[in-house]
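These notes concern the structure reproduced below.
Computed from heavy atoms alone, side chains included, the values below leave out hydrogens, waters and symmetry copies. In what follows, chains carry the letters A, B, and so on, assigned in the order in which the sequence lines appear, proteins first and then strands, with residues in each chain numbered from 1.
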There are 2 protein chains.
Amino acid sequence: MPKPSIELTESEWTIIKAVWDHEPCAAPAIQEKLHKQTAWTYSTVRTFMDRMVVKGLLAAEKVRNLTLYRSVVTREQAQRGELFYALKHAFNGALTPMVQCLLDTRSLSADELEKLESLIKAKKKSARK
Amino acid sequence: MPKPSIELTESEWTIIKAVWDHEPCAAPAIQEKLHKQTAWTYSTVRTFMDRMVVKGLLAAEKVRNLTLYRSVVTREQAQRGELFYALKHAFNGALTPMVQCLLDTRSLSADELEKLESLIKAKKKSARK
DNA sequence: TTGACATCTCTACAAATGTCAAGCAAGGTC
DNA sequence: GACCTTGCTTGACATTTGTAGAGATGTCAA
């Protein structure tokens, strides 16, 4: 069965995004990559990654003296998890208000609006079938 | 200045939603209201609420032997906070993919799609001005 | 073989979060 | 006045999250 629902902390997002971009990869590479952004030491990064393995977010494989990590959940799964968390808690599962809120808050370019509209049109078409 | 960005834990969401619905209200009422859902004891609810006061999410006022709570952040603020958290972390701030994901995952009724479309149309109109 | 590096392992600790029990205070009741 | 009820206060403890140092170990070059 698919994972029930994936939730990531802020730090975990940071890590997993880096992993997705470099997969498979070792901890030192990730820490170096993130160092500018986060100033985390190797130990910190490593702890996060190992904990994420325990949680089933990453997988680790030993190669010689190196531990290679790769993601177990896809970007899409994680995105969905996050989105549903918001949908469920903040909007009680109601989609329209959520989109409403999105539109209200960010000033979208005409371009973006156009894109959204065509997304919906496409969806309608495929639904109607 | 407005709060920088509001983030709530799952428990905090549970509490604040109950508060919004009953504002102003006392802790015993909230715990009773939530008891079915959560099975939290009075102590637990009370602890959450008091911590939320410290964080500036709720305000407390003493009336006789009763403590009345009310929300400091509005539903809209909290919704926005949650949504932006997702937008920022899961979608790197890109709105279109976020909506895409929404559309892809949930099967929307024709009705909902209709509604979304008109939301966007309205937005376009007001933007064009 | 002896360093010099790169990497790993282990351990620790503080803060935040989730959970609650036990005892205390004040108001109404018989 | 003794008691029950209702709500409050305090303190506690486990778990998760954020953060990291110190020392062990493996690898390769000179």
Side-chain angles (χ1 to χ4, degrees), chain A residues 3-19 22 24-70 78 81-82 85 89, chain B residues 3-19 22 24-70 78 81-82 85 89:
Chain A
K3 305 237 179 304
S5 93
I6 294 158
E7 273 156 45
L8 304 177
T9 67
E10 199 158 0
S11 311
E12 287 169 347
W13 270 110
T14 308
I15 298 279
I16 208 173
K17 285 200 256 185
V19 172
H22 290 301
C25 56
I30 297 293
Q31 102 86 195
E32 195 171 342
K33 168 125 200 275
L34 294 178
H35 188 260
K36 239 172 222 154
Q37 221 185 113
T38 63
W40 287 335
T41 64
Y42 169 80
S43 291
T44 301
V45 170
R46 186 68 200 231
T47 303
F48 282 140
M49 295 181 82
D50 287 339
R51 286 180 186 167
M52 288 170 79
V53 169
V54 172
K55 291 193 194 179
L57 298 169
L58 299 181
E61 173 198 7
K62 263 202 168 111
V63 177
R64 308 253 267 140
N65 67 326
L66 209 58
T67 308
L68 284 186
Y69 293 86
R70 63 191 73 229
E82 194 67 49
Y85 181 91
H89 293 93
Chain B
K3 306 235 178 304
S5 94
I6 295 159
E7 273 157 46
L8 303 177
T9 67
E10 198 157 0
S11 312
E12 287 169 346
W13 269 109
T14 306
I15 298 279
I16 207 172
K17 284 200 258 187
V19 172
H22 290 302
C25 55
I30 297 294
Q31 101 87 192
E32 196 171 342
K33 167 126 200 276
L34 293 179
H35 188 260
K36 238 171 226 155
Q37 219 186 115
T38 62
W40 287 336
T41 65
Y42 169 80
S43 292
T44 302
V45 170
R46 187 65 201 234
T47 303
F48 281 140
M49 294 181 82
D50 287 340
R51 286 181 185 165
M52 288 170 77
V53 169
V54 172
K55 290 192 193 179
L57 298 169
L58 298 181
E61 173 198 6
K62 265 206 168 106
V63 177
R64 310 248 271 136
N65 65 325
L66 211 58
T67 309
L68 284 185
Y69 294 85
R70 63 192 73 231
E82 194 66 48
Y85 181 91
H89 292 93

Round to a whole Å and report the spacing from [atom1] of [X] to [atom2] of [N].
X       : N      : atom1 : atom2 : result
B:Leu34 : C:dC20 : CG    : P     : 13 Å
B:Leu66 : D:dC8  : CG    : C1'   : 10 Å
B:Met52 : C:dA16 : CE    : P     : 16 Å
B:Arg46 : C:dG18 : CZ    : C1'   : 17 Å
B:Trp13 : C:dG18 : CH2   : C1'   : 19 Å
A:Leu57 : D:dT16 : CG    : P     : 14 Å
B:Asp50 : C:dA16 : CG    : C1'   : 16 Å
B:Ile15 : C:dT17 : CD1   : P     : 14 Å

So does A:Ile6 get a backbone contact from the side chain of A:Tyr85, meaning a donor-acceptor N/O pair under 3.5 Å? no
Is A:Thr14 reaching over with its side chain to a backbone N or O of A:Glu10, donor-acceptor style, under 3.5 angstrom?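 Checked: pair present.
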The contact string for nucleotides 17-30 of chain D, one letter per nucleotide 5' to 3', using protein heavy atoms under 4.0 Å with B, S and - for base, sugar-phosphate only and none, comes out as BBBBBB---SSS--
With sequence neighbours excluded, tell me which residues meet side-chain contact (heavy atoms from CB on, under 4.5 Å) with [X].
X       : answer
A:Ala59 : A:Arg70, A:Val72
A:Glu12 : A:Leu8, A:Thr9, A:Met52, A:Lys55, A:Leu57
B:Val54 : none

C:dC24 - base-pair partner by Watson-Crick or wobble geometry, distances under 3.5 Å: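 By the stated definition (distances under 3.5 Å), D:dG7 pairs with C:dC24.
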Among the nucleotides C:dC8, D:dG7, D:dT9, which one has an atom lying closest to any side-chain atom of A:Thr67?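 So the nucleotide nearest the side chain must be C:dC8.
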Ignoring backbone atoms, establish whether A:Lys62 has a side-chain N or O less than 4.0 Å from OP1 or OP2 of C:dT9.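 Yes, within the criterion.
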Could you pull out all residues at least two apart from B:Phe48 that satisfy ring-ring contact (aromatic ring centres under 6.0 Å, His included)?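 By the ring-ring contact (aromatic ring centres under 6.0 Å, His included) rule, B:Phe48 matches B:Trp40.
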With B:Arg46 via salt bridge (charged side-chain N to carboxylate O under 4.0 Å, His left out) - residues at least two apart: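 B:Arg46 satisfies salt bridge (charged side-chain N to carboxylate O under 4.0 Å, His left out) with B:Asp50 only.
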